[in-house]
Number of protein chains: 2
Amino acid sequence: MNKKSYDPSKYEHPSVTVDTVIFTVQDNDLKILLVKRKYWPYKDRWAIPGGFVKMKESLEDAAKRELYEETLVNDVYLEQLHAFGDPRRDPRTRVITIAYYALIKSEDLRIQADSDTKDVRWFSVKKLPKLAFDHDKIVSYALEKLRNRVVYSDTAFQFLPALFTLTELQNIHELVLDRELDKRNFRRKILMLGVVEETEEIRHEGRHRPARLYRFVTSADRV
Amino acid sequence: MNKKSYDPSKYEHPSVTVDTVIFTVQDNDLKILLVKRKYWPYKDRWAIPGGFVKMKESLEDAAKRELYEETLVNDVYLEQLHAFGDPRRDPRTRVITIAYYALIKSEDLRIQADSDTKDVRWFSVKKLPKLAFDHDKIVSYALEKLRNRVVYSDTAFQFLPALFTLTELQNIHELVLDRELDKRNFRRKILMLGVVEETEEIRHEGRHRPARLYRFVTSADRV
DNA sequence: TCAAAAGTGTTGTGTGTACACCCATGT
DNA sequence: ACATGGGTGTACACACAACACTTTTGA
């Protein structure tokens with residue numbers, strides 16, 4: 001059987017889902033959104049949100065749709081991670097999933113997915129429960145990719161508002177990389193890279209020296 | 001509709017294929033294997049080989065099976081690239097493809113896919129014909145990934161026999177990266193990395209100084 | 001003896017890292 | 001005046017890039 005002589009109605013097809021690891025930074029912690037399963041299989045286990053790809057939507061559109069349904073956030077950074085297709089990863093039937101990861105700003109969050117009694121909740125990546133299906137593996141993949149991307153890219157800014165202090169930016173990096181960075185080296189590097197731009201604004205906060213606010217400079221702005 | 005209450009027989013499913021960009025190095029050129037399509041759509045256009053994923057095989061197994069059917073080579077380096085799922089990428093029906101790329105040694109090749117009259121042929125990546133579907137995009141992705149991987153990894157060795165000269169190894173790097181490298185810097189770096197090991201063997205070839213043969217050292221060997 | 005590829009070191013430049021103190025503010 | 005986070009510079013180690021000549025062989 002090959003593509004050249006194929007009648008799509010003739011064969012059984014696998015189901016195709018998208019599953020998304022949704023990251024945010026909240027309370028100085030890197031968190032992902034999990035959903036508690038209500039039915040077999042893996043009833044009562046936590047899982048990353050996902051759903052079926054509709055016949056007329058692209059994979060990315062499917063991921064965006066699910067993301068919106070789950071978080072009510074529209075403006076997200078979304079990137080494809082990997083396709084997981086082990087024939088036995090879902091005991092019900094053959095399900096191939098295209099995994100994505102998304103970064104959302106906690107300021108954009110309108111849902112209160114933080115109560116112990118709800119079936120949707122943010123979990124610190126350091127304290128994850130046992131997950132359904134092969135979702136552990138998907139989350140590990142996502143974390144690894146996020147760590148590889150956060151340096152030298154616009155990734156970290158996805159977690160921050162338009163104006164931010166360099167300390168805030170450094171915090172994001174430290175949370176994602178899970179290690180401390182040297183303040184002077186971090187600032188020098190970020191400024192050398194030219195990905196941020198000083199603004200005139202200054203934020204007063206607490207009884208200490210106020211902080212200069214910076215703006216993210218996209219490669220388009222730099223020209 | 002979500003995964004929790006899903007009857008797989010109830011909905012229409014997309015078709016799922018795997019398509020593989022198969023690289024080899026031949027005649028001092030980086031080449032990929034293309035197949036000429038016999039039927040609509042894109043009749044007579046060249047395409048990367050691929051086929052449907054069977055219900056009980058993993059994505060990687062499907063890629064390996066197709067690869068074997070096409071090249072008769074079993075021992076290949078295979079890596080997942082990206083899933084392409086635009087709803088209109090195939091005019092017949094919804095087809096989601098998981099793209100892989102494979103590296104094979106030209107010495108392993110038993111097919112003679114090199115005649116102009118055959119419908120399977122190796123093409124230099126520098127002189128590719130117009131491709132069917134979105135295969136241009138898939139090939140670009142594959143090339144980019146290959147370039148990113150070739151430095152600091154075991155990628156280049158996949159194109160070489162067990163014993164090779166450092167000049168051969170450098171040639172692979174140059175072909176993949178499409179630029180010349182400095183001989184001294186290349187040799188120093190490779191030797192420093194500890195990924196190759198000198199052997200006692202020496203290859204005489206042509207009327208010039210013979211070359212020392214090296215062996216690839218896997219991370220397992222290094223311990 | 002010559003053509004042809006193998007093999008070999010040094011130096012400058014840039015990048016990553018380690019490290020400690022003063023500054024501006026609110027209370 | 002003091003507690004708190006904001007902000008700054010220097011020195012060393014290491015990786016990368018540029019660069020040219022000698023060695024060994026077969027014909």
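Only heavy atoms go into these numbers, but all of them, side chains included; no hydrogens, no water, no symmetry mates. Chain naming here is simple, since letters A, B, ... match the order of the sequence lines and numbering starts at 1 in each.
Place B/Arg179 and B/Pro210 on DNA chain D by their nearest nucleotides, and B/Arg179 ends up nearer the 5' end. Take the nearest nucleotide of DNA chain C for A/Arg188 and for B/Tyr214: the residue whose nucleotide is more 5' is B/Tyr214.
Listed pair A/Thr167 / D/dG5 fails the phosphate criterion, with no side-chain N or O lying under 4.0 Å from OP1 or OP2. Within the 4.0 Å cut-off from OP1 or OP2 of C/dG7, at least one side-chain nitrogen or oxygen of B/Arg187 is found.
Atom CG of B/Asp182 is separated from atom C1' of C/dG9 by 12 Å (rounded to the nearest Å). Between the CD atom of A/Gln170 and the C1' atom of C/dT17 there is a distance of 14 Å, given to the nearest Å. The interatomic distance linking B/His208 (NE2) with D/dT23 (C1') rounds to 13 Å, in whole Å. For the pair B/Phe186 CZ and C/dG9 P, the computed distance is 18 Å after rounding to whole Å. Across the protein-nucleic acid pair, B/Lys183 atom NZ and D/dC19 atom C1' stand 13 Å apart, rounded to whole Å. When the P atom of C/dT8 is taken as reference, atom CZ of B/Arg209 falls 7 Å away, rounded to whole Å. Protein atom CZ of B/Arg207 is 8 Å distant from nucleotide atom C1' of C/dC2, rounded to whole Å. Residue B/Leu191 contributes atom CG, which lies 14 Å from atom P of C/dA6 at whole-angstrom precision.
Around the OH atom of A/Tyr141, the shell of radius 6.0 Å holds no more than 12 heavy atoms that belong to other residues, nucleotides or ligands.
Side-chain atoms of B/Arg184 and base atoms of C/dT10 include no donor and acceptor less than 3.5 Å apart.
Within the model, atoms CZ of B/Arg89 and CD1 of B/Ile96 stand 9.0 Å from one another, a figure rounded to the nearest 0.5 Å. Taking NE2 from A/His82 and NE2 from B/His82, the interatomic distance works out to 12.0 Å, rounded to the nearest 0.5 Å.
Taking the charged nitrogens against the carboxylate oxygens, B/Lys105 and B/Asp75 have no contact shorter than 4.0 Å, which rules out a salt bridge.
Distances from the side chain of A/His204 to the nucleotides C/dA6, C/dG16, C/dT25 place C/dT25 closest. Picking from C/dA18, D/dA17, D/dA20 the nucleotide with the shortest atom distance to the side chain of A/Asn185 gives C/dA18.
Note on A/Arg212: only backbone sugar-phosphate atoms sit closer than 4.0 angstrom, heavy atoms only; bases stay farther off.
If you check the side chains of A/Thr167 and A/Thr165, you find no donor sitting under 3.5 Å from an acceptor.
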